[in-house]
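What follows is a single structure, written as structure tokens, with notes after it.
The residues of the chain are indexed from 1 along the displayed sequence.
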Amino acid sequence: MPVRPTDPLPCRVTVCRDCCCGSPKVTGVDHAAQITRLGEEAPVRVSECLDVCDQANVIVVQPSAAGRAAGGRPVWLGLVNDPDATEDIVAWVRAGGPGVAPLPDILDLYAFSPRGSASAEPSPGGR
């Protein structure tokens, strides 16, 4: 179900693309389909580089307004290179995401702390 402008502020998803993530360096992934699928559930921003190339493909799930009010922080997920992982992210976002729904155990396997801070906010322009 696509995000409607009348929905309360939903989770946002930042997808790293360009340098390593979303490139032929990460083989066997339909990168465009991944963005499309995530965008069916949440607004998606594409960043040129989040500077954690060793974790390609990187996706950051930022809390909704309700999630942030409940103390939710952005969750960085790395090595998201298969459609099942993308579906797990979609299901978590649909359930409310950070601060609203607990991180599923399967996604805990993908979670990591970016250099510098466990709660670093991704910037829209990358580095």
Side-chain angles (χ1 to χ4, degrees):
M1 161 194 220
V3 176
R4 295 179 307 276
T6 57
D7 288 342
L9 293 176
C11 293
R12 291 181 325 273
V13 177
T14 300
V15 179
C16 188
R17 291 293 186 262
D18 191 35
C19 177
C20 291
C21 298
S23 76
K25 293 178 185 177
V26 180
T27 61
V29 179
D30 185 339
H31 302 288
Q34 187 180 58
I35 290 174
T36 298
R37 182 66 183 110
L38 291 166
E40 291 171 356
E41 198 60 43
V44 174
R45 276 191 313 199
V46 176
S47 175
E48 287 182 11
C49 186
L50 293 173
D51 200 25
V52 284
C53 296
D54 60 323
Q55 294 289 325
N57 284 325
V58 175
I59 295 174
V60 183
V61 180
Q62 298 174 331
S64 64
R68 191 168 291 280
R73 304 296 306 149
V75 175
W76 290 63
L77 303 166
L79 305 173
V80 183
N81 298 323
D82 96 22
D84 289 340
T86 301
E87 289 303 318
D88 292 333
I89 294 168
V90 166
W92 182 46
V93 167
R94 185 180 301 122
V100 174
L103 182 67
D105 290 342
I106 191 71
L107 290 181
D108 193 45
L109 298 172
Y110 296 90
F112 72 98
S113 295
R115 291 183 270 270
S117 172
S119 62
E121 297 275 351
S123 63
R127 296 180 195 184

| field | Whichever hydrophobic residues join V29 through chains of side-chain contacts under 4.5 Å | value | V26

| field | side chain to side chain contact (heavy atoms under 4.5 Å, CB included) against P63, all qualifying residues, sequence neighbours excluded | value | R68, P74, P98

| In terms of hydrophobic clustering (I, L, V, M, F, W, Y; side-chain heavy atoms under 4.5 Å; direct or indirect links), are V13 and L79 co-clustered? | no

| task | Enumerate the residue pairs fulfilling salt bridge (Lys or Arg N to Asp or Glu O under 4.0 Å) with a member in residues 16-26, sequence neighbours excluded, ordered by first and then second residue. | result | none

List the atom pairs, donor and acceptor, that lie under 3.5 Å between side-chain atoms in residues 82-89 and the rest of the protein, sequence neighbours left out.
| from | atom 1 | to | atom 2 | distance (Å) |
| --- | --- | --- | --- | --- |
| D82 | OD1 | D84 | N | 2.7 |
| D82 | OD1 | A85 | N | 2.9 |
| T86 | OG1 | Q34 | NE2 | 3.1 |
| E87 | OE1 | R37 | NE | 3.3 |
| E87 | OE1 | R37 | NH2 | 3.0 |
| E87 | OE2 | R37 | NE | 2.7 |

| request: Compare every heavy atom of N57 with every heavy atom of G22, then report the nearest pair and how far apart it is. | output: N-OD1, 2.7 Å

| remark: When rounded to the nearest 0.5 Å, the distance separating CG of L103 from CG of D108 is 5.5 Å

| query | More than 12 heavy atoms of other residues, nucleotides or ligands under 6.0 Å from CG of D105: is that the case? | reply | no

| field | Minimum heavy-atom distance between E41 and V90, given as atom pair plus value | value | CG-O, 3.9 Å

| remark: What one should report as the nearest heavy-atom pair of C11 and G97 is SG-CA, 3.8 Å

| query | Do you reckon V75 sits in the same ILVMFWY cluster as V46, going by side-chain contacts under 4.5 Å, direct or chained? | reply | yes

| Taking side chain as C-beta onward, heavy atoms only, is I59 less than 4.5 Å from Y110? | no

| message | Once side chain to side chain contact (heavy atoms under 4.5 Å, CB included) is applied, do any residues pair with A95, and if so which ones, sequence neighbours excluded? | response | A101

| task | Quick one: pull up CG in L77 and SG in C16 and give me the separation to the nearest 0.5 Å. | result | 13.0 Å

| request: First locate atom CG of D30, then atom OG1 of T36, and finally report the distance between them rounded to the nearest 0.5 Å. | output: 8.0 Å

| field | Heavy-atom pair of closest approach, residues S47 and T14 | value | CB-CG2, 4.0 Å

| note | Between P102 and W92 the two heavy atoms that sit nearest each other are O-NE1, 3.2 Å

| said: Tell me every residue that passes side chain to side chain contact (heavy atoms under 4.5 Å, CB included) with A66, counting only those two or more places apart in sequence or in another chain. | reply: S64, V100

| message | Would you compute the distance between atom SG of C20 and atom CG of L50 and round it to the nearest 0.5 angstrom? | response | 11.5 Å

| task | Check the pair V58 / V80 against side chain to side chain contact (heavy atoms under 4.5 Å, CB included), numbers first and verdict last. | result | CA-CA 6 Å; V58 175; V80 183; over 6 Å; no

